[in-house]
S.K.: 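This is the structure I have questions about; it appears just below.
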Amino acid sequence: QVQLVQSGGGLVQPGGSLRLSCAASGDTFSRYGMGWFRQAPGKEREFVAAITWSGRSTFYADPVKGRFSISRDNAKNTVYLQMNSLKPEDTAVYYCAADRFFSNYRLGSTYDYWGQGTQVTVSS
């Protein structure tokens, strides 16, 4: 069992930055690949970014490449999502998730545990 608690998020102007954090407890954090997903009102949940258990490999959805950065600190049992150059279309509830086998990091249904979600609103 893994419990994921998210922090960060909020309201930011276009072009601004935010950092989301996701702290894990329970099972050994370093055994899990981690992902970030988001869901905007009226839209389906979509993949944002993922990182392997070691942190050596990262993956991004095309809309966020070059603007968002995923990282992890296994000593702190925490994964981060640094979001720069934010756009209004980035407005959504963001979720972190843990996947023991990391078989298809873009597919939310393969993840085993989820954070509670945090609202990110990009607006002037």
Side-chain angles (χ1 to χ4, degrees):
Q1 282 275 349
V2 174
Q3 293 77 43
L4 301 174
V5 177
Q6 298 178 221
S7 59
L11 174 64
V12 64
Q13 293 187 342
S17 298
L18 283 174
R19 188 176 81 157
L20 306 183
S21 300
C22 174
S25 62
D27 198 0
T28 305
F29 178 67
S30 60
R31 291 179 178 175
Y32 291 81
M34 299 297 295
W36 285 96
F37 291 77
R38 66 187 182 186
Q39 187 166 19
K43 295 187 177 181
E44 293 189 354
R45 181 179 61 194
E46 65 175 359
F47 167 75
V48 175
I51 188 167
T52 55
W53 65 271
S54 66
R56 289 179 185 150
S57 297
T58 57
F59 311 93
Y60 297 93
D62 286 343
V64 307
K65 278 181 182 176
R67 301 189 297 121
F68 289 14
S69 177
I70 187 172
S71 61
R72 67 189 295 162
D73 185 337
N74 285 345
K76 295 183 178 180
N77 292 345
T78 302
V79 64
Y80 305 96
L81 184 69
Q82 178 67 43
M83 304 184 293
N84 299 326
S85 302
L86 282 161
K87 304 175 181 180
E89 51 263 43
D90 295 318
T91 295
V93 177
Y94 283 71
Y95 297 90
C96 65
D99 184 349
R100 178 68 178 89
F101 298 104
F102 216 54
S103 57
N104 188 340
Y105 58 83
R106 292 181 180 272
L107 192 59
S109 59
T110 65
Y111 285 75
D112 304 298
Y113 304 101
W114 290 83
Q116 81 276 19
T118 186
Q119 178 70 46
V120 171
T121 302
V122 185
S123 175
S124 55

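Heavy-atom basis, side chains included; hydrogens, waters and symmetry copies ignored.
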S.K.: Going by the angle between their ring planes, with limits at 30° and 60°, are Phe68 and Tyr94 parallel, tilted or perpendicular?
M.R.: tilted

S.K.: Can you name the closest pair of heavy atoms from Gly8 and Thr118 and give their distance?
M.R.: O-OG1, 2.9 Å

S.K.: Look at atom CD of Gln1 and say whether more than 12 heavy atoms of other residues, nucleotides or ligands are closer to it than 6.0 Å.
M.R.: no

S.K.: Would you tell me whether Asn104 and Arg106 have side-chain atoms, one donor and one acceptor, within less than 3.5 Å of each other?
M.R.: no

S.K.: Hey, is the main chain of Cys96 close enough, under 3.5 Å, to the side chain of Tyr111 for a donor-acceptor pair?
M.R.: no

S.K.: Any chance you could measure Ser109, atom OG, to Asp99, atom CG, to the nearest 0.5 Å?
M.R.: 9.5 Å

S.K.: Check whether any side-chain heavy atom of Val12 lies under 4.5 Å from a side-chain heavy atom of Ser17, and answer yes or no.
M.R.: no

S.K.: Counting only N and O atoms by type, is there a donor-acceptor contact under 3.5 Å from the side chain of Gln119 to the main-chain atoms of Gly9?
M.R.: no

S.K.: For the side chain of Arg72 and the backbone of Phe29, is there at least one donor-acceptor N/O pair under 3.5 Å apart?
M.R.: yes

S.K.: Please answer: with hydrophobic residues joined when any side-chain heavy atoms are less than 4.5 Å apart, are Tyr80 and Trp53 in the same cluster?
M.R.: no

S.K.: Return yes if some donor-acceptor pair links the side-chain N/O of Tyr105 with the main-chain N/O of Met34 below 3.5 Å, else return no.
M.R.: no

S.K.: Considering all heavy atoms of both residues, which atom of Asn74 and which atom of Ser30 are nearest to each other, and what is their separation?
M.R.: ND2-CB, 3.6 Å

S.K.: For Ala50 and Phe102, which heavy atoms make the closest approach, and how far apart are they?
M.R.: CB-CZ, 3.8 Å

S.K.: In Å, rounded to the nearest 0.5 Å, how long is the span from OG of Ser124 to CG of Leu11?
M.R.: 9.5 Å

S.K.: Is it true that Met83 and Tyr95 fall in one hydrophobic cluster, defined by side-chain heavy atoms closer than 4.5 Å?
M.R.: no

S.K.: Please determine whether a side-chain nitrogen of the Lys or Arg among Asp90 and Arg67 lies less than 4.0 Å from a carboxylate oxygen of the Asp or Glu.
M.R.: yes

S.K.: Is Leu20 reachable from Val79 through a run of I, L, V, M, F, W or Y residues, each pair having side-chain heavy atoms under 4.5 Å apart?
M.R.: yes

S.K.: Hey, can you tell me if Phe37 and Phe47 have their rings parallel, tilted or perpendicular (30° and 60° cut-offs)?
M.R.: perpendicular

S.K.: Do any N or O atoms from the side chain of Thr121 and from the backbone of Thr91 form a donor-acceptor pair under 3.5 angstrom?
M.R.: no

S.K.: Using only heavy-atom distances, determine whether the side chains of Asp112 and Tyr32 contain a donor-acceptor pair under 3.5 Å.
M.R.: no

S.K.: Can you tell if the side chain of Arg100 reaches within under 4.5 Å of the side chain of Tyr113, non-hydrogen atoms only?
M.R.: no

S.K.: Please examine the side chains of Arg38 and Pro63, heavy atoms only from C-beta on, and report whether any two atoms are closer than 4.5 Å.
M.R.: yes

S.K.: Under a 3.5 Å distance rule, please check whether Gln6 uses its side chain to pair with a backbone N or O of Cys22 as donor and acceptor.
M.R.: no

S.K.: State, with a plain yes or no, whether a side-chain heavy atom of Tyr60 is found less than 4.5 Å away from one of Ile70.
M.R.: yes

S.K.: Of the non-hydrogen atoms in Gly10 and Leu18, which two are nearest, and what is the gap between them?
M.R.: O-CD1, 4.0 Å

S.K.: Can you find a heavy atom in the side chain of Thr52 that is under 4.5 Å from one in the side chain of Phe59?
M.R.: yes

